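In what follows, a structure is listed as structure tokens, so that the remarks can point back to it.
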Amino acid sequence: MARVLCFNHGCFEDEICIDFTRKEIEMAEKKEERYEESDLYRIRHSAAHVMAQAVLEMFPEGKYTIGPPIEDGFYYDFELPRSLTPDDLEVIEKRMRQIIAGDHAFEKQTLPADEARRIFKDQPYKLELIEGLEQGGYDEYGQPLAEKPEISIYTHDKFVDLCRGPHVESTRKINPAAIKLMSVAGAYWRGDEHKPMLQRIYGTAWKSAEELEQYLWRLEEAKRRDHRRLGRELDLFSVSEEVGPGLILWHPKGAMIRVLVESFSQRAHLENGYEWVFSPHIGRAHLWETSGHLDFYQENMYSPMDIEGEAYYAKPMNCPFHIQIYKSHTRSYRDLPKRYAEYGTVYRYERSGVLHGLTRVRGFTQDDAHIFCRPDQVEEEISRALDFSLYILRSVGLKDFKAYLATIPEKYVGDPADWDKATQALKRAIEAHNIPYVVDQGGGAFYGPKIDLKVNDALAREWQLSTIQFDFNLSERFNLEFIGEDGQPHRPYMVHRALLGSMERFFGVLIEHFAGAFPVWLSPVQAVVIPIADRHLAYSREVAGKLKGAGLRVEVDDRNERMNAKIRDAQTQKIPYMLVVGDKEIELGAVALRLRSGENPGAMSLQDFLERAQQDIDKGD
RNA sequence: GCCGACGUAGCUCAAUCGGCAGAGCGACCGCCUUGUAAGUGGUAGGUUAUGGGUUCGAUUCCCAUCGUCGGCUCCA
């Protein structure tokens, strides 16, 4: 039987395979053209207008707000007299197709604010937008526009919308077979939770029905890879209602992977000049007062517990503890840099609605470290940290990155000159490492600028893992010092960094990236020996024993099942090697190898198999 | 937190109008002794998330609580 295979991504016949690599290249090529100027952008923007028309026909008293194109589609926000149902979406979608078939031209008209106000006199949200436009308007990054924008409206059929454009020439240019309304959701007006909750309809629109199909298929693939689903199916982790939401239970197989990653990283840290430390999970209120967390971070911290009349808080960060270690001695300039690393488990309050599997949780373990160094060392330290981060991420199979350089926010502590110096150091480090990056203007923490590294997974989705942050705050607050060459006390620089970020989120990304088919070195079970009949059991155990002796994680499937069933289960569990053992293998002293890709290299000696496995492990596959 | 949808066996899902809570897979116990993706027979498994209400009777209707899912940055 023909079998569709993907050796890179561990996809199997029943999952169909997508050539992700090719897709990524295509996407990169497309980025040459700015989305805002593309045909797709116009199509989606126009589809949003058509949808708004359909919705307002249904609810003439409804208020419409904004409806921009987004990645893969568009949305439009409305205030409506009742909640929309999935059935409504079908009706709206049908009406949209009728409007499209009407071949209505999109016509632009610029006009003075007062005239616009007359047109939208019953539309309070539009009036608010006109107000904003009059005061100068904002670009898509929320920055004030240099020039005062003109006010324009677009009309098609009987529908008028305040809109900058651009649009397609006519509704006919929207392919009715390539649009689909996806979901309805709540969204605050202007994203502000103090403002009214609107109803947002999400839609998707493409040039062709094939592209729509492909997009829908991509969503299906994402579902198949969902770490919450794979976490259960592969018995990696769970969340128990009894324990509490956002709190992760690592099952033996998930924990095995974590132990492997942590051990690898632990060794790498030692080789890179870090020292390991441990610190407790709670600390006295006074510590968090000194650190400023009770002032700046309290809404993310849990209520204190009372210990003999003294308030203690679960730690949301590890820094104050590492600082205490630093402060336990007088430090000389010769001692620096000090690099303290810890797998530090922290607890942060996340609002119930934002929790998500492993990627947004309430308790998690960071691969955290704090670097205390002299000002003249900081640039080198940043560069080393970035280098190390890339090394660790690549080692675990994540190879596609984008950096975000977050700069000084409105509220900040410290000297702007220091900020500038630090920001430049971060920028030079990114550029030296040749990673694509964007500047997140004003996105820094109040205590310092930072580099966030985001990873693109196999479906080209972006995840934030690493962060490298300057801290101008804590060294001041805790009055950190080192004695310089001049015999005088000086203030060290402090850098906070996490590479995999949190073990939980990292694991979630890893699961989805590999769709559960982890590289051999990380697979909790690397090989399963499959005896064909009972009489092959003893030999199977002997084989397993030898492989275990060679350091492989091996199981024998000694269930009273047919070989086919055992193979199927091993495939489902995405075990890298299946070693089938029957009369022939016993006679030859061999094993018959089958790979999870479906490849069937056949009988080979144990020695040959071990060499092959070792090669795969060394390659990191 | 807010808006919406949802919560039935370990998993995926049924159960008409309010009238005895079911199936497949998995688990367990047998039989078969197997050659590259599911052999076969049987058994167990449920306070229908929790608490309350309406009713002769509630998985079904109502209320509350807990939890899950999608969304709440991307400005006409």
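Here is how names work: the chains are called A, B, and so on, in the same order as the sequence lines, proteins then strands, and each is numbered from 1. Because the structure is a prediction, the values reported are computed rather than measured.
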Going by an N to O cut-off under 4.0 Å, is there a salt bridge joining [X] and [Y]?
X        : Y        : value
A:Arg594 : A:Glu599 : no
A:Arg218 : A:Glu221 : no
A:Asp77  : A:Arg200 : yes

Nucleotide of [options] approaching [X] most closely (side-chain heavy atoms):
X        : options             : value
A:Arg568 : B:C72, B:U34, B:A37 : B:A37
A:Glu561 : B:G39, B:G71, B:G67 : B:G39
A:Ala565 : B:C69, B:A38, B:C32 : B:A38
A:Pro245 : B:G1, B:A37, B:U68  : B:U68

Any idea how A:Phe159 and A:His49 line up, ring-wise: parallel (<30°), tilted (30 to 60°), or perpendicular (>60°)? perpendicular
Parallel, tilted or perpendicular: which one describes the rings of A:Phe507 and A:Trp250, with boundaries at 30° and 60°? parallel
Is there a side-chain polar atom (N or O) of [X] under 4.0 Å from OP1 or OP2 of [N]?
X        : N     : answer
A:Arg200 : B:G70 : no
A:His536 : B:U33 : no
A:Arg190 : B:U73 : no
A:Ser352 : B:G1  : yes
A:Tyr202 : B:C72 : yes
A:Arg594 : B:A37 : yes
A:Ser83  : B:G4  : yes
A:Arg351 : B:C3  : no

Between the base of [N] and the side chain of [X], is there any donor-acceptor pair under 3.5 Å?
X        : N     : value
A:Tyr75  : B:G71 : no
A:Asp534 : B:U33 : yes
A:Glu585 : B:G35 : yes

Both conditions, 6.0 Å and 45 degrees, for the charged tip of A:Lys454 above the ring of A:Tyr404: are they met here? yes
Look at all strands and tell whether [X] reaches a base, only sugar-phosphate, or nothing, counting heavy atoms closer than 4.0 Å.
X        : result
A:Val239 : nothing
A:Asp583 : base
A:Ile567 : base
A:Ala592 : base
A:Arg82  : nothing

A:Gly67 or A:Arg559, whichever maps to the more 5' nucleotide of RNA chain B: A:Arg559
Which comes earlier along RNA chain B counting from the 5' end, the contact point of A:Val581 or that of A:Asp226, where each point is its nearest nucleotide? A:Val581
Taking atom P in both B:C72 and B:U54, compute the distance separating them and give it to the nearest angstrom. 42 Å
Measuring only the P atom in each nucleotide, how far is B:G52 from B:C69? A whole number of Å is fine. 28 Å
